[in-house]
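Since the structure comes first, as structure tokens, the remarks are kept for the end.
Naming: A, B, ... by sequence-line order, numbering from 1 per chain. Only this structure's heavy atoms are used, side chains among them; waters, hydrogens and symmetry mates stay out.
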There are 2 protein chains.
Amino acid sequence: MPMGRLRDRQRVETRAVILEAALDLMETKGYEHTTVEDIAAASGVSSRTFFRYFESKADVLFDKHDSDADHDDKSQAMTAALANRPASESTIEALRAVLHDKLGELFDHDDGFKLRQLRVVLAEPSLRLLAREGFHEHGPQLAAAFAQRLHTTPDDLGPRVLAAAFQEAIWVILERWSASGGELDRLPVLIDEAFATMATGFR
Amino acid sequence: MPMGRLRDRQRVETRAVILEAALDLMETKGYEHTTVEDIAAASGVSSRTFFRYFESKADVLFDKHDSDADHDDKSQAMTAALANRPASESTIEALRAVLHDKLGELFDHDDGFKLRQLRVVLAEPSLRLLAREGFHEHGPQLAAAFAQRLHTTPDDLGPRVLAAAFQEAIWVILERWSASGGELDRLPVLIDEAFATMATGFR
DNA sequence: GACTATGTGTCATAGACTGACAGAATGTCA
DNA sequence: TGACATTCTGTCAGTCTATGACACATAGTC
């Protein structure tokens with residue numbers, strides 16, 4: 001018994017309206033100084049309804065919805081790309097190559113919506129935590145890719161640790177990148193710099 | 001003009017009472033189901049007073065007080081130990097050796113108070129974030145130690161990334177360790193396993 | 001003993017979030 | 001089209017974390 005389509009459209013619409021209003025307010029007034037009631041008022045709904053669309057105030061910035069596809073897509077693409085690198089490459093070199101290809105794309109989508117979210121998030125320490133957590137959710141996937149290259153099981157501590165280490169490395173790169181302006185061209189440069197040090201640091 | 005000592009003793013005492021009461025309640029009822037008012041009542045103070053001793057409810061579990069000394073001490077000890085490892089060792093090998101020496105000590109103190117805190121923290125996802133954040137606060141120190149070994153500047157992206165990567169690796173090791181029982185003897189084993197994979201993964 | 005600094009309780013309030021209920025809109029089906 | 005169920009929404013009430021303001025008591029100083 002499939003439910004109608006007008007309802008669905010309205011739901012998507014309302015969600016989008018709230019999302020835009022919230023982001024808009026947070027960009028100008030800051031996250032803390034934007035109350036849920038503000039957002040609700042600006043969206044033309046009640047604050048109770050806001051919570052029917054988003055689990056929490058912070059959830060507006062970590063929008064797992066159209067992201068859901070993205071989320072897994074990015075992960076999948078990453079893993080696949082990693083698997084397709086020649087086995088002759090070291091793990092670190094393969095990852096560097098993949099990052100060069102894929103990381104830039106992540107911020108080139110969405111009409112810069114993700115970038116706007118990122119800026120608000122990075123401005124608020126408490127949100128940085130959540131962002132990093134979301135980032136690390138890809139850990140198991142990445143670990144699986146590493147396990148394949150290293151001929152071990154994904155559940156082993158080794159690949160898991162390796163993945164976590166690289167993820168945190170990427171995270172720091174992103175923070176540094178955003179702190180230094182966030183120019184898309186700068187990203188590959190920072191990646192190379194960081195990975196060069198890691199290569200020597202582990203030898 | 002030095003203020004009295006009875007006051008100081010009372011303050012320390014009250015803090016300790018709240019700390020113990022809070023941890024006790026959280027262990028039995030769980031973090032979320034323990035309200036500040038519960039803690040206050042069990043401690044014989046008002047909830048307003050609770051917030052005069054701790055910035056937030058979570059702050060009880062990330063006690064920067066007697067930790068303050070510990071906090072820096074551990075960091076210092078770690079950095080010093082790292083500097084004292086022979087220059088012939090690789091960075092990864094030096095760190096492994098230091099962890100073997102120092103990491104166990106961290107949970108052998110405090111009459112297991114830190115361990116009790118850790119268990120409550122790990123049971124609550126939202127608290128894991130904070131814990132990891134606190135853990136990563138040592139980042140700059142560790143980066144400095146690495147910079148010294150690698151003959152670069154601590155502010156460089158390289159050492160910073162390297163430190164972050166290793167820290168996250170350690171964090172994952174700790175999570176795995178705690179999830180698998182938390183026996184003190186197991187820790188070195190896990191460290192070795194993880195570092196072995198990292199060494200091959202980076203080659 | 002007078003004076004000051006500090007700690008505490010009480011009261012009031014803001015803000016995030018949740019449950020319960022009623023009414024309105026949307027969907028299905030005869 | 002009209003009866004019926006489903007879903008969405010607003011309103012209201014309430015919990016919990018956290019903060020500011022005020023008054024009172026206690027500890028410290030001279």
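- Side-chain N or O atoms of B/Thr152 include none that pairs as donor or acceptor with a backbone N or O of B/Gln148 at under 3.5 Å.
- Within the 4.5 Å cutoff, the side chain of A/Leu127 has heavy atoms near those of the A/Leu61 side chain.
- Between A/Glu27 and A/Arg119, no side-chain nitrogen of the basic residue sits less than 4.0 Å from a carboxylate oxygen of the acidic one, so the salt-bridge criterion is not met.
- With contacts defined as side-chain heavy-atom distances shorter than 4.5 Å, the pair B/Phe51/B/Val36 qualifies.
- Contact check, B/Gln10 against C/dG7: no side-chain N or O comes under 4.0 Å of OP1 or OP2.
- Remark: the B/Arg48 side chain and the D/dG20 base include a donor-acceptor N/O pair separated by less than 3.5 Å.
- Atom CG in B/Leu130 sits roughly 15 Å away from atom C1' in D/dT17 (whole-Å rounding).
- In this entry the distance linking CD of A/Glu55 with C1' of C/dA16 reads 14 Å, nearest Å.
- Between the C1' atom of D/dC16 and the CZ atom of B/Phe50 lies a distance of 13 Å, rounded to the nearest Å.
- Residue contacts for A/Tyr53: at a heavy-atom cut-off of 4.0 Å it reaches the sugar-phosphate backbone alone, with no base atom in range.
- Contact annotation for A/Ser47: no contact, since no heavy-atom pair falls under 4.0 Å across all strands.
- Across the protein-nucleic acid pair, A/Glu13 atom CD and C/dA25 atom P stand 18 Å apart, rounded to whole Å.
- Across all their heavy atoms, B/Val60 and B/Gln117 have their closest contact at O-NE2, 3.4 Å.
- Nearest-nucleotide assignment on DNA chain D puts the 5′-proximal partner with A/Val45, out of B/Ser56 and A/Val45.
- Across all non-hydrogen atoms, the minimal contact from B/Ala165 to A/Ala169 is CB-CB, 4.3 Å.
- Rounded to whole Å, the distance from CD on A/Glu124 to C1' on C/dA16 is 15 Å.
- Here the side chain of A/Lys57 is nearest to one of C/dT8, C/dC17, D/dA18, namely C/dC17.
- Atom-to-atom, CZ of B/Arg9 to P of D/dT26 comes out at 17 Å; the value is rounded to the nearest Å.
- At a threshold of 4.0 Å, the pair B/Arg96-B/Glu93 counts as salt-bridged, since one of the basic side-chain nitrogens sits closer than that to a carboxylate oxygen.
- Atom CZ of A/Arg52 is separated from atom C1' of C/dA20 by 10 Å (rounded to the nearest Å).
- Of the possible polar contacts, none joining the A/Arg15 side chain to the A/Phe54 backbone as a donor-acceptor pair under 3.5 Å is found.
- The A/Phe51 side chain lies nearest to C/dA16 when the options are D/dG10, D/dC22, C/dA16.
- Closest of all the heavy-atom pairs between A/Trp171 and A/Ala131 is CH2-CB, 3.7 Å.
- Rounded to whole angstrom, the span from the CG atom of A/Asp8 across to the C1' atom of D/dT7 amounts to 11 Å.
- Helix bend of the helix from C/dG1-D/dC30 to C/dA30-D/dT1: the angle between its two end axes, each built from five pairs, comes to 10° after rounding to 10°.
- Listed by residue number, the members of residues 27-42 of chain A with any heavy atom below 4.0 angstrom from DNA chain D form an empty set.
- Formation of a donor-acceptor pair under 3.5 Å by the B/Asp59 side chain with backbone atoms of B/Glu55 is found in this model.
- Heavy atoms of A/Arg11 sit under 4.0 angstrom from primed sugar atoms or phosphate atoms, though from no base atom.
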